[in-house]
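See structure below.
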Amino acid sequence: MELKFPLVAKDFFSNKVVLISGASSGIGLALAEAFLKVGAKVCISGRDPIKLQNAIQSLNASEKVLGIVADVGSWDDCQRLVQECINYFQTIDILINNAGISMRANLLDLDVAVIEKVIQTNFMGTVYLTKLCLPLILKNNGSVVSISSIAGYRGLPGRTGYSASKAAMNLFMDCLRVEHLDDNIHFLTVAPGFTSTNIRNTALNASGNSQKESPRDESKMMTAEKVALQTLKAIEA
């Protein structure tokens, strides 16, 4: 991916430490690649150790990348993730709350455990990591970024839990933005439209299993790389 945008300041991202959740593929991996290209250090997490290792190898950045297996829906995992990142890089400047799962089933048909799982990962994962990283990011005048969705602003059929989780994320970020209005810290909510990633393939069906197919034409969607580029622009701006 070639980055074509002017930096707000020379070496704006140089040596910044960026923690990205859910970065084994898709937008998270594209963000990791983009940050590395502008000189940042990156800690990425994912639930699947094999996919995470493949992601680390694809980034090919040796000591500038740390991969940690973690489920952001677990408070204990989030504590370990943040501590291991700090132990390795000494600090955290930017948090990217990217980990998320989708769903595809009407409320009438689904097991409520599906919604619980989606909320736990998408919303509580954001709460956990933000809570843990906030003191350091405040100290470093950094950024908290949450990857939301247009589904968080407009409810979509078959996406009750997903839309609700993203709407909760949006208001969570709004609250933090006001709470820290007088602090030199940046809260960014990114709400892409349909983006070509594997999130629809891994979306949960009514029984909580991955649907393993995308109901949409992925070739007509925005790329993960474009979302990553626009996110970096927004952080700088």
Side-chain angles (χ1 to χ4, degrees), residues 3 5-23 27-28 31-46 56 59 61-100 121-148 168-190 228 230-237:
L3 299 180
F5 64 95
L7 297 176
V8 169
K10 182 177 172 57
D11 299 325
F12 183 84
F13 288 110
S14 181
N15 291 316
K16 291 283 197 306
V17 177
V18 186
L19 172 57
I20 309 172
S21 66
I27 293 173
L31 281 164
E33 181 183 2
F35 276 115
L36 287 168
K37 285 183 179 294
V38 291
K41 300 173 183 178
V42 178
C43 175
I44 63 174
S45 76
I56 293 169
L59 293 171
S62 61
E63 75 282 353
K64 282 203 164 187
V65 176
L66 174 66
I68 299 171
V69 177
D71 178 356
V72 299
S74 162
W75 171 251
D76 290 343
D77 272 22
C78 287
Q79 286 183 299
R80 178 175 52 79
L81 168 60
V82 172
Q83 191 57 57
E84 288 187 22
C85 179
I86 294 170
N87 290 346
Y88 190 84
F89 288 123
Q90 308 307 314
T91 193
I92 297 171
D93 297 286
I94 300 170
L95 168 65
I96 311 287
N97 290 304
N98 173 72
T121 298
N122 297 2
F123 178 58
M124 291 309 301
T126 296
V127 173
Y128 293 160
L129 287 180
T130 304
K131 168 70 175 175
L132 291 164
C133 293
L134 195 55
L136 267 180
I137 294 175
L138 270 167
K139 178 182 177 182
N140 295 335
N141 299 327
S143 294
V144 176
V145 181
S146 291
I147 308 300
S148 182
M169 173 190 283
N170 296 346
L171 288 176
F172 175 71
M173 293 291 286
D174 286 350
C175 290
L176 289 175
R177 197 173 291 117
V178 175
E179 286 182 6
H180 295 280
L181 202 59
D182 296 325
D183 299 322
N184 190 15
I185 182 172
H186 173 220
F187 293 96
L188 172 66
T189 304
V190 178
Q230 294 298 328
T231 300
L232 262 69
K233 284 183 178 181
I235 293 171
E236 287 186 303

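Not a single donor-acceptor pair under 3.5 Å links the side chain of Asn97 to the backbone N or O of Val144. Not one N or O on the side chain of Asn141 forms a donor-acceptor pair closer than 3.5 Å with the backbone of Ile185. Using modelled atom types, no side-chain atom of Ser148 and backbone atom of Val190 make a donor-acceptor pair closer than 3.5 Å. Put simply, the side chain of Ser21 gets close to the backbone of Ala99: a donor and an acceptor are under 3.5 Å apart.
In this structure, Lys64 and Val42 have side chains that are not in contact, with every pair of non-hydrogen atoms separated by 4.5 Å or more. In this structure, the side chains of Phe35 and Leu232 come closer than 4.5 Å at one or more pairs of heavy atoms. At least one side-chain heavy atom of Phe172 sits under 4.5 Å from a side-chain heavy atom of Thr130. Side-chain contact check for Glu236 versus Phe13: some heavy-atom pair is nearer than 4.5 Å.
Heavy atoms only, all atoms of each residue included: Asp71 and Asp77 are closest at N-OD2, 2.9 Å. For the pair Leu59 and Ala32, the tightest heavy-atom approach, listed with the atom from each and the gap, is CD1-CB, 4.0 Å. Taking each heavy atom of Glu63 and Phe89 in turn, the nearest pair found is O-CE2, 3.8 Å. In plain terms, the two heavy atoms of Val72 and Leu129 that are nearest each other are CG1-CD1, 3.8 Å. Smallest separation of non-hydrogen atoms from Cys85 and Val17: SG-CG1, 4.2 Å. Heavy-atom minimum distance, Thr126 versus Ser146: CG2-OG, 3.6 Å.
Distance check: Leu19 CG to Ile68 CD1 gives 7.5 Å after rounding to the nearest 0.5 Å. For the atom pair CE of Met173 and CG of Leu171, the computed distance is 11.5 Å after rounding to the nearest 0.5 Å. To the nearest 0.5 angstrom, Asn122 atom CG is 12.0 Å from Ile147 atom CD1. The CG atom of Leu66 sits 12.0 Å away from atom NZ of Lys41, with the distance rounded to the nearest 0.5 Å. Taking CG from Asp183 and CD1 from Ile137, the interatomic distance works out to 13.0 Å, rounded to the nearest 0.5 Å. Between atom CD1 of residue Ile27 and atom OG1 of residue Thr231 there is a gap of 7.5 Å, rounded to the nearest 0.5 Å.
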- Mind running side chain to side chain contact (heavy atoms under 4.5 Å, CB included) on Ile92 and Cys43 for me, showing each step along the way? CA-CA 9 Å; Ile92 297 171; Cys43 175; over 6 Å; no
- Using the side chain to side chain contact (heavy atoms under 4.5 Å, CB included) rule, take Leu188 and Ser143 through it: C-alpha gap first, then chi angles, then the decisive distance, then the call. CA-CA 7 Å; Leu188 172 66; Ser143 294; over 6 Å; no
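Under the salt bridge (charged side-chain N to carboxylate O under 4.0 Å, His left out) criterion, Asp93 pairs with no residue, sequence neighbours left out. Residues satisfying the salt bridge (charged side-chain N to carboxylate O under 4.0 Å, His left out) test with Arg177, not counting sequence neighbours, are Asp174. Glu84 is linked by a salt bridge (charged side-chain N to carboxylate O under 4.0 Å, His left out) to Arg80, counting only residues two or more places apart in sequence or in another chain.
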